[in-house]
Amino acid sequence: FVLTQGNPRWEKTDLTYRIENYTPDLSEAEVDHAIEKAFQLWSNVTPLTFTKLPAGQADIMISFVRGDHHDNSPFDGSGGNLAHAFQPGPGIGGDAHFDEDERWTNNYRDYNLYRVAAHELGHSLGLSHSTDIGALMYPNYIFSGDVQLAQDDINGIQTIYGPSKNPTQPTGSQTPEVCDSKLTFDAITTIRGELMFFKDRFYMRANSVYPEVELNFISVFWPSLPSGIEAAYELAERDEIRFFKGSKYWAVLGQDVLRGYPKDIHSSFGFPRTVKHIDAAVSEEDTGKTYFFVANKYWRYDEYKRSMDAGYPKMIAHDFPGIGHKVDAVFKKDGFFYFFHGTRQYKFDAKTKRILSLQKANSWFNC
Amino acid sequence: FPVAPETQQQDVETVQKYLEKYYDLKDVGTHIERRRNSGSVVEKLKQMQEFFGLRVTGKPDAETMKVMKQPRCGVPDVAR
């Protein structure tokens, strides 16, 4: 996080705000609600309180304006610059301006007013832009489905104002650090020749073209997928990726989530009702066999016959000796299985049933 | 593959405007060559690339241009 140069802050904790005018894109009640929720994010984690004034001069004046609106920082039409806000202080200090040339929404379509307001109010309170892509104070617009303060945002605002008096204040999500030696994964899949790693709300992507590991929100590709994906596999011959969470699964083709999903794993694959979720999954392109790992057992599913093979489940330890009794994630590449459990990664040769190497889970990120 | 000249020109404009708007780059006048090569443009470009975790090249490569074209928060001009 970054505090604004000069560390400007409000010297009082009971602040006021007023919405000077309304965008025609939403009802006044929807605008009021979005702004109120945005203030609540910050008051939940600090001693600050925010009171809405119906008229007169408030500490934080909120308005929808376009083009040159005489604050020395003209807007630029639709796209580009969406909004801006001034650091704490008298007069224009703390004020937030939203570009009326944008379309303001209360859903995942561009641009979600709640999401942008949460960011701008961070500026109104003394925060600058954060380099943490998972933080609300990251400068570029990314709507990840839910609007929540990341731990980075909380650390920043509490550096200025301290914690809230409410003992049950929320903690924030942590953005994965690709070179953190303690990094673990929720799911991993091959995808059109690349590898995609999943953790909480984020994906990480390593490809040969660009050495830097790409990290961003899963919602950038698939807005309707939930965070916390538990398993994923590529069905290469149909160019599909299947994502699993709980007893549901989704199928995507490129960036499109296929219609009719999510579906239920029991009716689709024939799992017994005792199976509540899948830990990991991988499909072999050459045999059409998909392996599902659940606790210390695994099932084998025939994608051609679309039914579970007989004699399953079997014990993981029996057919994949040495990789332990639980799998977080798995993929197959160049004929070998790569099993992940915690920070460990096992390269496994199914022909000889032997582990060929043991590595750190994030060894693919060239740290 | 070589970029068509007009695209190149657009990119130069995009870089210039972005750095003036968000990285307090002073407008260095009209001559395109002076803009592109001026030390301050390279320096500001490196600052931006550093911030976004891009490869710090000082050159407007594809990844950098992609980030520059994403909608974002403005930085109101408090200084003046």
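Chain identifiers are assigned alphabetically (A, B, ...) following the order of the sequence lines, protein sequences preceding nucleic acid strands; residue numbering begins at 1 within each chain.
With a 4.5 angstrom heavy-atom cutoff, Tyr111(A) touches chain B only via side-chain atoms. Heavy atoms closer than 4.5 Å to chain B are found in both the backbone and the side chain of His129(A). Heavy atoms closer than 4.5 Å to chain B are found in the side chain of Glu120(A), but not in its backbone. For a residue to count as touching a neighbouring chain, one of its non-hydrogen atoms must lie under 4.5 Å from one of that chain's; by this rule Ser130(A) touches chain B with the backbone only.
No more than 12 heavy atoms of other residues, nucleotides or ligands shown are found within 6.0 angstrom of CZ on Arg109(A). Applying the 6.0 Å contact sphere to CD of Glu20(A) captures more than 12 heavy atoms from other residues, nucleotides or ligands.
Rounded to the nearest 0.5 angstrom, His84(A) NE2 and Arg72(B) CZ are separated by 12.5 Å.
Chosen from Glu50(B), Gln70(B), Lys69(B), Glu63(B), the residue pairing most often with chain A at heavy-atom distances under 4.5 Å is Glu63(B).
Salt bridge annotation for Lys21(B)-Asp76(A): present, with a cationic side-chain nitrogen under 4.0 angstrom from a carboxylate oxygen.
Using a 4.5 Å heavy-atom cutoff, the side chains of Cys73(B) and His123(A) are in contact. Thr131(A) places none of its side-chain heavy atoms less than 4.5 Å from the side chain of Phe52(B).
Partner of Pro71(B) under the side chain to side chain contact (heavy atoms under 4.5 Å, CB included) criterion, out of Ile142(A), Leu82(A), Asn140(A): Leu82(A) alone.
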